[in-house]
Amino acid sequence: MLISIWNDLLYKPLFNFLIWVYNNWTNQNLGWAVVNVTILLRIALLPFTLVSERNRVRNEVLIKDVKAVQKNVHMDSITKKQEIRKMLKLRRVQPWAKAVVLGIQAVVLILIYQVFLRGITGDKIAKFLYPSVELPGDINTIFFGFELGMNHSFFWSALVGMLLFFEIYRKYKKLKLKVRKKDLAYFFLFPFSVFLILWFLPMVKALFVLTSLLFSVIVHQFTKVVFTPKKMEDS
């Protein structure tokens with residue numbers, strides 16, 4: 001039953017939409033179809049992304065306030081702890097919005113991976129295609145000279161790793177935190193781990209993740225104007 005639900009409610013609709021985008025929007029290039037579907041997915045999840053961005057700014061304000069209390073020489077340690085507890089309670093941030101965005105993206109990532117596992121040749125496409133979606137014939141899986149189903153794609157995996165590395169660096173620099181060992185380990189190990197995982201998987205995974213990350217970077221630049229620390233302090 002779970003397999004039927006997965007296939008009928010998740011896999012087939014996404015697969016058919018991907019092929020429809022391939023037929024109609026991308027001059028028959030599956031790489032651009034994946035990019036388009038990823039962007040449309042992120043637009044659909046934009047309300048949750050905006051809530052997550054607002055929470056991020058609130059967290060930054062909270063960290064700034066906690067640091068100010070910790071540096072206050074006129075407070076004893078007990079009073080500092082009480083003040084920090086009050087701030088944590090007052091500015092409690094719910095992580096559900098980010099969890100929704102990441103969870104749905106993870107499901108779509110698995111579904112796109114499944115497309116390549118099941119094969120994208122004529123009879124296998126026809127098996128899952130709705131009658132309303134035109135059979136595309138031979139699928140073009142070459143994207144900028146790279147085969148989407150190819151494993152061990154150093155270039156695309158490295159692009160994702162470097163972007164994550166830059167984003168973490170930017171975050172640390174902005175917060176001006178005292179970097180601890182675990183922060184330093186996260187700074188190097190997380191991008192490298194993601195690089196390794198994507199390197200073992202078909203290149204289409206890296207393309208999906210890279211598109212989603214770039215969308216997040218663009219949204220972040222726009223929300224910097226809307227969700228400023230001053231506005232969050234006043235709210």
What are the two closest non-hydrogen atoms of [X] and [Y], and how far apart are they?
X: R56; Y: T223; result: NH2-OG1, 4.4 Å
X: I142; Y: N29; result: O-ND2, 3.0 Å
X: L210; Y: V160; result: CB-CG2, 3.9 Å

Less than 4.5 Å apart, side chain to side chain, heavy atoms only: is that true for [X] and [Y]?
X: T38; Y: V209; result: no
X: L135; Y: I19; result: no
X: W20; Y: W25; result: yes
X: Y130; Y: P13; result: yes

Is it the case that the ring center of F154 lies less than 6.0 angstrom away from the ring center of W199?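 Ring-ring flag for W199/F154: false, centres at least 6.0 Å apart.
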Assess the pair F208 and Y113: is the distance between their ring centroids shorter than 6.0 Å?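 No, ring centres 6.0 Å or more apart.
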Among L164, L189, L213, whose side-chain contact (heavy atoms from CB on, under 4.5 Å) with V194 holds?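 That would be L164; it is the only one of L164, L189, L213 passing the side-chain contact (heavy atoms from CB on, under 4.5 Å) with V194.
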Donor-acceptor pair, E147 side chain versus G149 backbone, under 3.5 Å?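 It does hold such a pair.
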F155 atom CZ, over 12 foreign heavy atoms within 6.0 Å: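 Count over threshold, so yes.
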Tell me whether the count of non-hydrogen atoms from other residues, nucleotides or ligands lying under 6.0 Å of CD1 in I5 goes above 12.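 More than 12 heavy atoms, drawn from other residues, nucleotides or ligands, come within 6.0 Å of this atom.
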Can you name the residues that form a side-chain hydrogen bond (donor to acceptor under 3.5 Å, both in side chains) with [X], not counting sequence neighbours?
X: N16; result: none
X: S193; result: none
X: Q114; result: W6

How far apart are the C-alpha atoms of T211 and R42, what are their side-chain angles, what is the distance that settles it, and do they pass the side-chain hydrogen bond (donor to acceptor under 3.5 Å, both in side chains) test? CA-CA 10 Å; T211 306; R42 291 305 310 270; over 6 Å; no
Could you pull out all residues at least two apart from A33 that satisfy side chain to side chain contact (heavy atoms under 4.5 Å, CB included)?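 With sequence neighbours excluded, A33 shows a side chain to side chain contact (heavy atoms under 4.5 Å, CB included) to L18, V21, Y22, T26, L30, given in chain and number order.
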Could you work out the complete set of other residues in the hydrophobic cluster of I218, with links drawn between I, L, V, M, F, W and Y side chains under 4.5 Å apart?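 Besides I218, the cluster holds F222.
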Please collect all salt bridge (charged side-chain N to carboxylate O under 4.0 Å, His left out) contacts where either partner lies in residues 1-30, sequence neighbours excluded, each pair once.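 Qualifying pairs: D8-K12.
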Please work out which of the three classes, parallel, tilted or perpendicular, describes the rings of W156 and F146, given edges at 30° and 60°.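 The rings of F146 and W156 stand perpendicular, inter-plane angle above 60°.
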Criterion ring-ring contact (aromatic ring centres under 6.0 Å, His included) on F165 and F187, from CA distance to verdict: CA-CA 7 Å; F165 188 83; F187 180 63; 4.4 Å; yes
Let me see the working for L129 and F15 under side-chain contact (heavy atoms from CB on, under 4.5 Å), right down to the final yes or no. CA-CA 8 Å; L129 213 57; F15 178 75; 4.0 Å; yes
